[in-house]
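Step one of this worksheet: look at the structure below.
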Amino acid sequence: MRDQPREGALPPEGGAGPRHHSEQTVAPATPLAAASARAAVWTGRATSRLQWALAALGAGCLALGIELAVDPGWSSGLVPLVMSVVGCVATGLLILCGTLAFVHVEVRVEDEALEVRCGHAGVPRRRIHLRDVVAADHAPRLTPCHWGGWGYRSRPEKGTAVIIRRGEGLVLRLGDGRVFTVTVDDAETAVHHIRTRLAALRT
């Protein structure tokens, strides 16, 4: 006959008695974890190849002006020389200043604000508090023709915009009725990110 285990005896493996399944509860997110999620930052950018080409043209004009200024073979008189040098240098600087500021644009969505920086120097710059934003929309196709050219644009019937290329962009509608538009890659993700922030700010 087999020996029956006595009541209350330890299992043969030496465990701690019969095992009972217990329900596991998931602890709610701590305020610190929620704050860390809100602190995530989204960044995106857009680049314009045309602006780089125009910047190269401006650099060429500037180089031509410098070449004329130091060329000893100029024989057409001092006044034409000065006019040629000043014209080339001024044109080159004007083109460079107007294009290098918009060779690319960077959009940064932080916890409570959206910031737009243009060019390597970060100017012009625009910062919009998310509490002032009513809605964020994705624009699948923006063109400079709709805004009258490239750069920082302003039109009374459409608001203000930073347009550096054709393509998708982000449209913000503000509480005071104004509209701000910016061309940026992966604009749909930016819209989703901003809407999530707006929902968090309004709860």
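Quantities reported herein were computed from a predicted structural model and do not represent experimental measurements. Throughout, residue positions are numbered sequentially from 1 according to the sequence presented.
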Audit row: Leu114, Val116, side chain to side chain contact (heavy atoms under 4.5 Å, CB included) steps and yes/no: CA-CA 7 Å; Leu114 176 143; Val116 176; 3.7 Å; yes
Before giving the answer on side chain to side chain contact (heavy atoms under 4.5 Å, CB included), spell out for Leu170 and Thr181 the whole-Å C-alpha distance, their side-chain angles and the decisive distance to 0.1 Å. CA-CA 6 Å; Leu170 168 68; Thr181 304; over 6 Å; no
Intermediate values then yes/no, side chain to side chain contact (heavy atoms under 4.5 Å, CB included), Cys88 and Leu64: CA-CA 7 Å; Cys88 290; Leu64 177 60; 3.8 Å; yes
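A 6.0 Å sphere centred on CH2 of Trp147 holds more than 12 heavy atoms belonging to other residues, nucleotides or ligands. For Arg166, the CZ atom counts as loosely surrounded, since its 6.0 Å shell holds 12 or fewer non-hydrogen atoms of other residues, nucleotides or ligands.
Look at Arg127 and Glu110 and you find a salt bridge, because one of the NZ, NE, NH1 or NH2 atoms lies within 4.0 Å of a carboxylate O, short of that distance.
Closest approach of Gly169 and Leu142 over heavy atoms only: CA-CD1, 3.7 Å. The minimum heavy-atom distance linking Gly87 with Thr91 is given by the pair O-OG1, 2.7 Å. Pairing each heavy atom of Leu198 with each of Leu130, the nearest pair is CD2-O, 3.3 Å.
Remark: of the listed residues Arg165, Arg117, Arg45, Arg45 is the sole one forming a side chain to side chain donor-acceptor pair (under 3.5 Å) with His104. Checked options Thr183, Thr47, Val182; the residue passing with Ile164 is Thr183 (criterion: side chain to side chain contact (heavy atoms under 4.5 Å, CB included)). Checking each of Val85, Val86, Leu81, Val79 against Met83 for a side chain to side chain contact (heavy atoms under 4.5 Å, CB included) leaves exactly one that passes, namely Val79.
Side-chain contact of Thr143 with His146: a donor-acceptor pair under 3.5 Å is present, judged by distance alone.
Not counting sequence neighbours, the partners of Arg126 by the side-chain hydrogen bond (donor to acceptor under 3.5 Å, both in side chains) test are Tyr152, Thr160.
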Which donor-acceptor pairs under 3.5 Å do the side chains of residues 131-140 make with protein atoms, sequence neighbours left out?
from, atom 1, to, atom 2, distance (Å)
Asp137, OD1, Arg195, NH2, 3.4
Asp137, OD2, Arg173, NE, 3.0
His138, NE2, Glu168, OE1, 2.9

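The shortest distance between side-chain heavy atoms of Val123 and Cys118 does not fall below 4.5 Å.
Remark: side-chain polar atoms of Lys158 are not paired, donor with acceptor, to backbone N or O of Val179 under 3.5 angstrom.
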